[in-house]
Amino acid sequence: MENSDITNDSNDINFIIFMKREILQQICDILDTDNTWETIAPYMPGIQLRDVEGCKRYASYNKSPTMLLLRVWCAKGYTATHLYQLFAKTKLIRLMRIMKSEVDEKYHELEFKVLNPPRKTKRNVQPPGSQSASRLKKTESKDASPAPTQSTSSTTNDPLRIAIEGTLPVTYFELLEATNGFSASNVIGKGGYGTVYKGEMKATGGMVAVKRILAGNDSSAHGSKVEKERLRQSLTELRTLARFRHDNILPIYAYSLEGPEPCLVYQFMANGSLEDRLLCRKGTAPLTWIQRKEISIGAARGLLFLHSFAKTPIIHGDVKTANILLDKHMEPKLGDFGLCRDGQAEVEAAEKCPLIASHIKGTLAYLAPEFITSKILTTKLDVYSYGIVLLEIASGQRAYSDTRETRGLVEYCLVTKELAEHRNVRLREILIDKRAPPLANEAEESFLETLIDVGLAGALNDRKLRPTMAQIVEYLCKNVVPNGQQ
Ligand SMILES: Nc1ncnc2c1ncn2[C@@H]1O[C@H](COP(=O)(O)OP(=O)(O)OP(=O)(O)O)[C@@H](O)[C@H]1O
């Protein structure tokens with residue numbers, strides 16, 4: 001079915017499945033009656049004939065075909081606003097009224113436009129397949145265009161959907177097959193928001209990691225808020241990963257939003273997380289110093305890309321060793337983009353109006369002080385967390401430990417530094433990761449020193465004194481110590 005210019009704000013993430021359950025149910029009840037849903041399907045961009053066939057089959061099992069149709073449309077990136085516009089276009093005023101509370105007020109005048117079309121306009125709502133895209137555009141602009149205040153960008157200009165469209169939608173059933181029915185033996189990790197399974201998928205041609213976002217079984221208002229937040233973060237992750245492809249950013253292969261739980265499918269990272277490898281979990285060998293160097297530089301490059309690729313820098317917001325994943329060649333890739341945000345670079349202008357983020361709640365030990373106290377969000381938030389990561393790579397110590405006398409890692413390094421000065425020994429001699437192989441040569445010795453110095457500079461309390469990611473990449477590649485930053 002053809003594309004139409006149903007439009008939307010690119011930042012609108014009120015996806016159809018986020019709508020209030022009662023409203024969604026009412027819409028389904030009405031559209032299921034006499035198979036009315038079949039009359040709107042031709043107007044839904046992205047809906048294919050096979051989707052319609054699938055909905056018909058679904059109906060034969062006594063299930064709501066409209067619900068499936070809306071889930072499939074939603075999985076292609078369509079929101080409540082799109083649905084509202086669709087109802088305007090197909091003149092389903094009753095349905096527009098039912099869901100009015102789900103869309104921004106600026107769209108409400110669509111109802112008036114539908115009821116009072118310009119007098120000379122011929123009836124012009126025809127299935128998109130029956131006319132050219134340009135004609136369709138023309139007729140829509142007369143009949144059911146969005147409010148004038150709305151951007152005139154068309155579907156094809158909507159970055160959110162372009163991003164999602166570049167990623168393969170897969171069915172929940174395919175994921176069940178790939179993961180052996182989400183079997184316990186396929187579990188490779190658990191995070192705050194879901195379980196990650198190893199799987200094999202024909203569609204993507206090999207091993208994948210499937211993150212199955214926990215569906216809450218708490219039906220209270222709080223439970224549904226938590227569930228909505230989980231979905232919001234999954235979609236943020238999907239949108240960001242689909243938009244930014246880089247050697248050091250975890251590739252997203254596919255997604256499924258139409259099953260009981262949303263799932264995201266990533267490249268399988270055979271060597272797990274940096275956290276696991278530093279702790280030698282599952283009996284793995286300690287990382288060599290060459291591997292540590294390559295991992296540090298690769299992860300820094302991934303962050304630099306995020307901070308500098310787009311017009312507005314992207315702030316990861318949850319940089320930590322658990323979110324740096326290692327592929328079979330030990331190449332690091334940044335993962336877990338659920339908290340990432342468009343944000344400010346550390347420039348003077350940004351200082352005047354720092355962006356306040358209420359959502360970022362990355363792991364405390366990695367969080368910069370200005371964020372904890374004032375919720376100030378700049379790229380230096382990631383620099384701070386990355387500084388902690390470097391100190392972990394150098395020392396093998398955890399970012400925070402209850403059993404260590406000095407619990408925070410920065411404080412631990414500073415105390416150790418004083419001790420080294422007191423004993424008149426080099427800091428690296430007492431801070432070095434005891435699990436790591438001995439330093440083999442001068443180059444390795446000096447790289448360890450660089451790791452510690454850059455780590456401490458990155459984790460400085462004053463964010464203006466922290467280096468940028470561009471500087472950090474340079475320091476690590478050239479093996480030089482930041483000047484006067486400690
Ligand atoms: N693409 C992947 N390939 C291999 N293993 C992965 C992949 N993605 C995640 N994992 C494993 O699954 C674990 C859980 O990942 P997940 O992103 O859900 O949580 P987390 O980052 O550890 O925690 P949280 O999301 O709560 O911050 C990771 O620590 C890692 O060991």
Side-chain angles (χ1 to χ4, degrees), residues 167-168 170 175 178-179 182 184-201 204-216 226-227 229-238 240-242 245-256 261-284 287 295 298-299 302 315-341 359-367 381-382 385-386 388-389 392 398-400:
T167 309
L168 185 71
V170 288
L175 297 182
T179 57
F182 290 117
S185 58
N186 285 50
V187 172
I188 44 178
K190 281 192 180 166
Y193 278 4
T195 306
V196 183
Y197 298 80
K198 186 176 176 173
E200 200 171 352
M201 263 184 76
T204 61
M207 298 306 295
V208 290
V210 182
K211 190 189 273 185
R212 188 185 184 202
I213 314 297
L214 284 175
V226 171
E227 196 169 335
E229 174 60 14
R230 278 184 188 134
L231 278 166
R232 196 192 61 70
Q233 289 196 13
S234 314
L235 291 163
T236 303
E237 170 141 306
L238 172 58
T240 314
L241 287 182
R245 311 268 178 184
H246 182 270
D247 281 351
N248 300 109
I249 290 184
L250 181 63
I252 188 154
Y253 284 165
Y255 67 92
S256 153
E261 308 98 8
C263 296
L264 301 179
V265 183
Y266 310 91
Q267 185 182 74
F268 176 66
M269 302 296 281
N271 280 302
S273 71
L274 175 59
E275 179 184 49
D276 294 340
R277 295 296 70 82
L278 283 173
L279 297 174
C280 301
R281 284 191 178 130
K282 296 188 184 156
T284 49
L287 294 170
I295 291 167
I315 296 165
H316 184 286
D318 198 14
V319 176
K320 56 179 180 175
T321 48
N323 289 340
I324 298 175
L325 297 154
L326 303 167
D327 72 6
K328 61 179 176 202
H329 305 294
M330 285 287 179
E331 176 84 30
K333 317 243 177 199
L334 293 172
D336 225 342
F337 280 69
L339 297 179
C340 95
R341 285 282 172 281
H359 294 295
I360 299 247
K361 34 188 183 306
T363 316
L364 209 57
Y366 292 88
L367 270 185
L381 175 74
D382 285 343
S385 315
Y386 180 74
I388 306 280
V389 167
E392 287 183 85
R398 308 211 61 178
Y400 182 89

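Just so we're clear, the structure is a prediction, and the values are computed from it rather than from any experiment. For ligands, and for the atoms within them, numbers begin at 1 and follow the listed sequence.
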Problem set entry | Distance in Å, D276 CG paired with I324 CD1, rounded so as to fall on 0.5 Å steps | 12.5 Å
Exercise. So, the side chain of N323 versus the backbone of G335: is there a donor-acceptor pair under 3.5 Å, distance only?
Worked result: no
Exercise. Of all the atoms in ligand 1, which lie at a distance below 4.0 Å from a heavy atom belonging to K190?
Worked result: 14 (C)
Exercise. Any idea which of G194, A209, A270 brings a heavy atom closest to atom 7 (C) of ligand 1?
Worked result: A209
For this session: Determine whether Y197 and L175 make a side-chain contact, defined as any pair of heavy atoms from C-beta on separated by less than 4.5 Å.
Result: no
For this session: Ignoring hydrogens and angles, tell me if any N or O in the side chain of N248 forms a donor-acceptor pair with the backbone of P332 under 3.5 Å.
Result: yes
For this session: Check if E275 has a non-hydrogen atom at a distance under 4.0 Å from any atom of ligand 1.
Result: no
Exercise. Under a 4.5 Å cut-off applied to non-hydrogen side-chain atoms, are Y266 and V196 in contact?
Worked result: no
Exercise. Starting from atom 19 (O) of ligand 1, which protein heavy atom do you reach first, and at what distance in Å?
Worked result: G191 CA, 3.2 Å
For this session: Say whether V208 and ligand 1 are in contact under the criterion: heavy-atom distance to a ligand atom below 4.0 Å.
Result: no
For this session: Looking only at protein heavy atoms, identify the closest one to atom 5 (N) of ligand 1 and say how far it is in Å.
Result: I188 CD1, 3.5 Å
Exercise. Distance-only, no hydrogens or angles: does the N271 side chain make a donor-acceptor pair with backbone N or O of D327 under 3.5 Å?
Worked result: yes
Problem set entry | Nearest protein heavy atom with distance in Å, relative to atom 20 (P) of ligand 1 | D336 OD2, 3.7 Å
Problem set entry | atom 30 (C) of ligand 1: the protein heavy-atom neighbour that sits closest, reported with distance to 0.1 Å | L325 CD2, 3.9 Å
Exercise. S385 side chain to Y366 main-chain N or O, any donor-acceptor pair under 3.5 Å?
Worked result: yes
For this session: With side chain to side chain contact (heavy atoms under 4.5 Å, CB included) as the test, would you mind laying out the steps for L287 and M330 before giving the verdict?
Result: CA-CA 10 Å; L287 294 170; M330 285 287 179; 4.0 Å; yes
Problem set entry | Heavy-atom nearest neighbour of atom 3 (N) of ligand 1 within options M269, R212, K211 | M269
Problem set entry | Close N or O approach (N323, ligand 1; < 3.5 Å) | yes
Problem set entry | N/O separation below 3.5 Å, Y266 to ligand 1 | no
For this session: Kindly compute the distance separating NZ (K333) from CD1 (I249), expressed to the nearest 0.5 Å.
Result: 10.0 Å
Exercise. Can you list the ligand 1 atoms lying under 4.0 Å from a non-hydrogen atom of K320?
Worked result: 27 (O)
Exercise. Atoms of ligand 1 less than 4.0 Å from D276 heavy atoms?
Worked result: 31 (O)
Exercise. Is there a nitrogen or oxygen of Q267 sitting under 3.5 Å from a nitrogen or oxygen of ligand 1?
Worked result: yes
For this session: Return the residue, atom name and 0.1 Å-rounded distance of the protein heavy atom closest to atom 29 (O) of ligand 1.
Result: A322 O, 4.0 Å
Exercise. Rounded to the nearest 0.5 Å, what separation is found between the CE atom of M269 and the CG atom of L326?
Worked result: 6.5 Å
Exercise. What's the shortest distance from atom 15 (O) of ligand 1 to any protein heavy atom, and which residue and atom give it?
Worked result: V196 CG2, 3.7 Å
For this session: Apply the side-chain contact (heavy atoms from CB on, under 4.5 Å) test between I295 and each candidate in L278, T321, L274; give the one that qualifies.
Result: L274
Exercise. Which heavy atom of the protein is the closest neighbour of atom 26 (O) of ligand 1, given with residue, atom name and distance?
Worked result: G192 N, 2.6 Å
Exercise. How close does the nearest protein non-hydrogen atom get to atom 12 (O) of ligand 1, and which residue and atom is it?
Worked result: G189 CA, 3.4 Å
Exercise. Within the side chain of D382, is there an N or O that forms a donor-acceptor pair under 3.5 Å with the backbone of H316?
Worked result: yes
For this session: Using a strict 4.0 Å cut-off to heavy atoms of D318, name the atoms of ligand 1 that fall inside it.
Result: 27 (O)
